[in-house]
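What follows is a set of notes on a single structure, which appears directly below.
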Amino acid sequence: SFAEWMVGRGARHLVLVGRSAPTPFAQDAIAKMESAGARILVVSADVSVRNEVDALFGRIAKELPPLRGVLHSAAVIDDHTLLKLSVTSVREVAAAKMYGAWHLHRATARVPLDFFVLFSSAASLFGPLGQGNYAAANAFLDVLAHRRRAEGLPGLAVDWGPFSEVGL
């Protein structure tokens, strides 16, 4: 994982945020990072909800050294052809990617970050069949990264290709 990679390169304070509790596999990885000297703060929050992001950043400011970077890798996939695409499906996919990225951008716009990385998808470029909502959400991430750089802020969108297994 990127968290393990960062700890392996000297990161000592990480905040891992997710909508659900860490799996046993993730708990083992967290324990290993902590035994390597890192302080890992695990927070259950939905970054698509502005109040939860505000509470998260308030907690980070109180409990940790200054924030140095953001990695945003949330995703929801709900495939449908355009004729069968519903408003609900678009909102669910947009919430994780678009709203989450926007709230993180807004919360860090005045924070001197070293990096702000958005995990996007090549779907934004190729628009695979049935993934119009997912492609649009990822295109938003790509544009947000460009906007941040135009504003003099760090911003990078990584457009991943297909995954060999389900899940990020």
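Index from 1, following the sequence.
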- Query: Residues in side chain to side chain contact (heavy atoms under 4.5 Å, CB included) with Leu156, at least two apart?
  - Reply: Val117, Val158
- Query: Under the side chain to side chain contact (heavy atoms under 4.5 Å, CB included) test, which residues partner Val42, sequence neighbours left out?
  - Reply: Pro22, Ile30, Ile40
What pair of heavy atoms forms the shortest contact from [X] to [Y], and how long is it?
X	Y	result
Phe119	Asn138	O-OD1, 4.1 Å
Val111	Ala107	CG2-O, 3.8 Å
Pro112	Arg68	O-NH1, 2.8 Å
Leu16	Ala3	CD2-CB, 4.0 Å
Ala145	Ala157	CB-N, 3.6 Å
Ala11	Ala38	O-CB, 4.1 Å

- Message: Is there a side-chain contact between Phe116 and Thr108 in this structure, where contact means two heavy atoms from C-beta onward sitting under 4.5 Å apart?
- Response: yes
- Item | Flag side-chain contact, heavy atom, 4.5 Å: Arg39 against Leu64 | yes
- Apply salt bridge (Lys or Arg N to Asp or Glu O under 4.0 Å) to Glu34 and list each qualifying residue two or more places apart in sequence or on a separate chain. none
- Query: Is the number of heavy atoms from other residues, nucleotides or ligands within 6.0 Å of CZ (Arg110) greater than 12?
  - Reply: no
- Between His103 and Tyr99, what is the ring plane arrangement, given parallel below 30°, perpendicular above 60°, and tilted in between? tilted
- Query: Which pairs with one or both residues in residues 40-59 pass side chain to side chain donor-acceptor pair (under 3.5 Å), sequence neighbours excluded?
  - Reply: Asp46-Ser48, Asp54-Arg106, Arg59-Glu63
- Excluding sequence neighbours, so at least two apart, what forms side chain to side chain donor-acceptor pair (under 3.5 Å) with Arg12? none
- Item | side chain to side chain donor-acceptor pair (under 3.5 Å) involving Arg149 - partner list, sequence neighbours excluded | His146
- Would Arg148 and Leu118 count as a side-chain contact (heavy atoms from CB on, under 4.5 Å) if you check the C-alpha gap in whole Å, the side-chain angles of each, and the deciding distance to 0.1 Å? CA-CA 11 Å; Arg148 285 184 59 88; Leu118 303 163; 5.6 Å; no
- Are Leu67 and Leu113 close enough, and set up right, to give a side-chain contact (heavy atoms from CB on, under 4.5 Å), and what steps lead you there? CA-CA 7 Å; Leu67 184 68; Leu113 300 179; 4.0 Å; yes
- Message: Run the side-chain contact (heavy atoms from CB on, under 4.5 Å) test on Leu104 and Phe57 for me, step by step, so that the C-alpha distance in whole Å, both residues' side-chain angles and the decisive distance to 0.1 Å come before the verdict.
- Response: CA-CA 9 Å; Leu104 293 169; Phe57 279 84; 3.7 Å; yes
- Side-chain heavy atoms under 4.5 angstrom apart, residues restricted to Ile, Leu, Val, Met, Phe, Trp, Tyr: same cluster for Val143 and Leu141? no
- With sequence neighbours excluded, tell me which residues meet ring-ring contact (aromatic ring centres under 6.0 Å, His included) with His105. Trp102
